[in-house]
Asks: 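One structure, as structure tokens, below. Some questions next.
Each chain gets a letter, A, B and so on, in the order its sequence line appears, and its residues count up from 1.
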Amino acid sequence: MTDPVRVRFAPSPTGYLHVGSGHSALANWLVARRTGGSFLLRIEDTDVERNRPELVDNVLEMLEWLGLTWDEEPVYQSRRGELYADAAAKLVAGGAVYFCDCTGEAVQTRNKAAGGKPGYDGFCRDRGLEPGPGRAARFRTPREGRTGWTDLVRGEVSFANADLEDFVVLRGNGNPMFLLANAFDDADMGITHVIRGEDHVNSTPKYLLLVDALGLARPTAFAHMPLLVNEQRKKLSKRRDDVSMADYRARGYLPEAMVNYLALLGWGPADGVEVRPVAEIVEQYRLEDVNASPAFFDQKKLSFVNAEHIRALATDEFLARSRPFLTRGEPAAHALASLAVEVQERVRTLAEVEPMIEFLVDDDPAVDEASWTKAITKGKAVPEMLDATIARLEALDLDAWTPESIQEAVAAAAVDAGIVNAEGAPQLSKAQGPVRVAISGRSVGPPLWESIAVLGRDRTLSRLRATRLRVG
RNA sequence: GCCCCCAUCGUCCAGCGGCCUAGGACGCCUCCCUUUCAAGGAGGUAACACGGGUUCGAAUCCCGUUGGGGGUGCCA
């Protein structure tokens, strides 16, 4: 029997949670849930200069929103300084590190003189400097041999030690660097599987060397997930791309749709069923099946997946999820309830819900210009159709105000207006255009008969009359 | 520059030596259904980067080339 899996998501609070880190977090969570292991959180806030503590809240909130719940209290590296100091002391005692007082500038100058190659040149490696203020501790990387590991996603990966520079482990101010804290904590927290983005591949050999030097156990497995890229095939970036998880939430994407879509990037279920409940993804997900090549974050497909998940919602649930997106409040909620099923199957995001029913809420709904041109200006027999519709609907009593009789009335109006085919039957698809624009201001929307039924007799007739007047 | 990784339709995924005249999904296009729009149905478009091997046989294995990406901080 193998030990239970322990994985972690280790964000650094220097930005909001974005879809790329969400992708990595999800992979960790899926593995933990599938194996019955633990999903842990570690906040990597060792860089005092760049940390924005309030961003931790955003990250936690977004993970919760996604449903990526964690199992133990999050670990904050900023509160574990002593542990890193002890670890560093051990490295010093063992001769694994040396002290260095080179400034970045000095290193650069020397590199330039030596032909412009980047990286630390080992200047202080044999100077025997004592520890002191402003002096950083650098890891003495081996000059020979290779360091590698078996990656669950990429197979065998290894680096020549000679290509590894003497990296800083402890800053001049005594604070630990990412690698020290990261490698130490993974061991300390008993992490068995290190699952993270491909951008960490290059630092993994240093991580391994450090773990060895510390006398700690290496994780049993690594998995470096494919990067998420934009249309230019570049790593998704906060500055250029649409990556904020909070933004997607605000734009009406469902967390289960986001999780579903993210899982599909770099991986696919064996049975080919792409859109499905998260629980089923948990069952099927295997790191061994994850692709190593970068994946394009396709918002069009995300929208499709989102629409599918919206349609899969129970009506009440759809109503409840839509509520935060209704800026018109309770009246909009009431209006939506009356056309819930019709709207639910027509939207791709929850942000699209309100525009579909706002004609039921607003006294004087805005008229969309393109719709007006299409259905009114360019429509045939528009005045006739409006007149006939008004007459036919006026003849309908309040208790006959149902979708069925409204349809019959509009059909009869079409015949009255001469909008018929060769057999004399009403052409509803042409005839309904002006009516729809008159009552809703748009040429697209929920089914007309139902819309008119919900709008009510008075409002329907007054909007038809107003439009008739405007047509002249 | 150096190091590492990647390479199947526009995009995502399947394929793990013969079942591939390469399959599914999104997108796009056509048609059907139809009160608009969706949804649904039926079609269509479109890919194994290139060159060498290995093998009876390669999209699948190996090498190289090319292309793309990532890393190269006293950031994480």
Side-chain angles (χ1 to χ4, degrees), chain A residues 10-15 44-47 49-50 77 100 102-104 107 115-120 134-138 151 153-155 157-160 162-165 167-173 175 177-179 181-182 196-205 224 226-227 229 231-235 261 264-275 289 291-298 300-305 307 311 342-348 356 371 374-375 407 410-411 414 426-433 435-437 440 442-451:
Chain A
S12 146
T14 53
E44 306 218 318
D45 50 358
T46 53
D47 187 350
E49 310 283 300
R50 309 197 327 157
Q77 291 189 327
C100 167
C102 297
T103 62
V107 176
K117 48 187 168 196
Y120 183 66
R135 288 182 178 175
R138 285 185 183 273
D151 197 285
V153 171
R154 278 150 224 281
V157 184
S158 74
F159 290 73
D163 290 328
L164 272 21
E165 63 176 318
F167 56 96
V168 172
V169 157
L170 221 49
R171 293 179 169 85
N173 66 10
N175 285 134
M177 287 290 287
F178 153 74
L179 271 166
N182 183 262
R196 50 196 343 186
E198 194 202 329
D199 43 356
H200 289 279
V201 167
N202 294 274
S203 64
T204 302
H224 287 93
L227 255 21
V229 299
E231 42 281 279
Q232 276 77 240
R233 299 250 121 211
K234 300 255 195 249
K235 177 168 76 157
Y261 179 63
L264 258 19
L265 261 18
W267 175 84
D271 59 13
V273 180
E274 296 191 320
V275 179
D289 296 334
N291 276 339
S293 42
F296 171 60
F297 187 82
D298 185 357
K300 280 190 171 165
K301 182 137 185 185
L302 203 215
S303 287
F304 165 78
V305 173
R311 283 191 287 270
E342 288 79 2
V343 172
Q344 185 176 0
E345 61 184 11
R346 284 172 173 75
V347 294
R348 293 168 80 81
M356 300 214 78
S371 297
K374 182 184 171 196
Q407 173 174 5
V410 175
Q427 292 182 291
L428 259 18
S429 63
K430 282 184 190 164
Q432 57 92 45
V435 178
R436 180 181 292 281
V437 172
S440 73
R442 302 165 192 264
S443 58
V444 302
L448 228 210
W449 328 135
E450 284 76 4
S451 296

Asks: Give a yes or no on this: more than 12 heavy atoms of other residues, nucleotides or ligands lie within 6.0 Å of atom CD of A:E231.
Replies: yes
Asks: Can you name the side-chain hydrogen bond (donor to acceptor under 3.5 Å, both in side chains) partners of A:S203, sequence neighbours left out?
Replies: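 Expected list: none.
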Asks: Could you measure between the two P atoms, the one in B:U8 and the one in B:U60, and give it in whole Å?
Replies: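 Result for the P pair: 12 Å, nearest Å.
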Asks: From the list B:G70, B:C74, B:C75, which nucleotide is the closest neighbour of the side chain of A:R50?
Replies: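 Closest nucleotide among those given: B:C75.
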Asks: Under the side chain to side chain contact (heavy atoms under 4.5 Å, CB included) test, which residues partner A:V273, sequence neighbours left out?
Replies: A:D271, A:R276
Asks: Can you sort out the partners of A:K301 under salt bridge (charged side-chain N to carboxylate O under 4.0 Å, His left out), two or more places apart, ordered by chain and number?
Replies: A:E274
Asks: Scan nucleotides 8-13 of chain B against the protein and return all N/O pairs shorter than 3.5 Å with their distances rounded to 0.1 Å.
Replies:
from	atom 1	to	atom 2	distance (Å)
B:U11	O3'	A:R233	NH2	3.4
B:C12	OP1	A:R233	NH2	2.3
B:C12	OP1	A:F296	N	3.1
B:C12	O2'	A:L264	O	2.9
B:C13	OP1	A:G266	N	2.8
B:C13	OP1	A:N291	ND2	3.4

Asks: Considering just the side-chain nitrogens and oxygens of A:K234, establish if one lies under 4.0 Å of OP1 or OP2 belonging to B:G69.
Replies: yes
Asks: Could you list the residues that satisfy salt bridge (charged side-chain N to carboxylate O under 4.0 Å, His left out) with A:R50, not counting sequence neighbours?
Replies: A:D47
Asks: Would A:H200 count as stacked on B:A76 if the rule is ring centres under 5.5 Å and plane angle under 30°?
Replies: yes
Asks: For A:R233, which residues count as a side-chain hydrogen bond (donor to acceptor under 3.5 Å, both in side chains) partner, sequence neighbours excluded?
Replies: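 side-chain hydrogen bond (donor to acceptor under 3.5 Å, both in side chains) list for A:R233, sorted by chain: empty.
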Asks: What pairs with A:W267 under ring-ring contact (aromatic ring centres under 6.0 Å, His included), at least two apart in sequence or on another chain?
Replies: A:Y285
Asks: Give me, pair by pair, the N or O atoms of the protein and of nucleotides 59-61 of chain B that are less than 3.5 Å apart, along with how far apart they are.
Replies:
none

Asks: Who pairs with A:D199 by salt bridge (charged side-chain N to carboxylate O under 4.0 Å, His left out), at least two apart in sequence or on another chain?
Replies: A:K235
Asks: Applying salt bridge (charged side-chain N to carboxylate O under 4.0 Å, His left out), can you list everything that pairs with A:R154, at least two apart in sequence or on another chain?
Replies: A:E198
Asks: List in chain and number order the residues that pass side chain to side chain contact (heavy atoms under 4.5 Å, CB included) with A:S440, two or more places apart in sequence or in another chain; answer none if no residue qualifies.
Replies: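 Partners of A:S440 under the side chain to side chain contact (heavy atoms under 4.5 Å, CB included) test: A:F359, A:R436, A:R442.
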Asks: Is there any protein nitrogen or oxygen under 3.5 Å from a nitrogen or oxygen in nucleotides 33-41 of chain B, and what are the pairs?
Replies:
from	atom 1	to	atom 2	distance (Å)
B:U35	O2'	A:Q432	OE1	3.2
B:U35	O2'	A:Q432	NE2	3.4
B:U35	O2	A:L448	N	3.2
B:U35	N3	A:W449	NE1	3.1
B:U35	O4	A:W449	NE1	3.2
B:U36	O4'	A:Q432	OE1	3.4
B:U36	O4'	A:Q432	NE2	2.8
B:U36	O2'	A:S443	O	2.9
B:U36	N1	A:R436	NH2	3.3
B:U36	O2	A:G445	N	2.9
B:U36	O2	A:G445	O	3.1
B:U36	N3	A:R436	NH2	3.3
B:U36	N3	A:G445	O	2.6
B:U36	O4	A:R346	NH2	3.0
B:U36	O4	A:P447	N	3.1
B:C37	O2	A:R346	NE	2.5
B:C37	N3	A:R346	NE	2.9
B:C37	N3	A:R346	NH2	2.8
B:C37	N4	A:R346	NH2	3.2
B:A38	O2'	A:E345	O	2.8

Asks: Using the C1' atoms only, state how far B:A46 lies from B:G51, rounded to an integer number of Å.
Replies: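 25 Å, rounded to whole Å.
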Asks: Mind checking A:E44 for me? I need base, sugar-phosphate or nothing, with any heavy atom below 4.0 Å counting as a touch.
Replies: sugar-phosphate
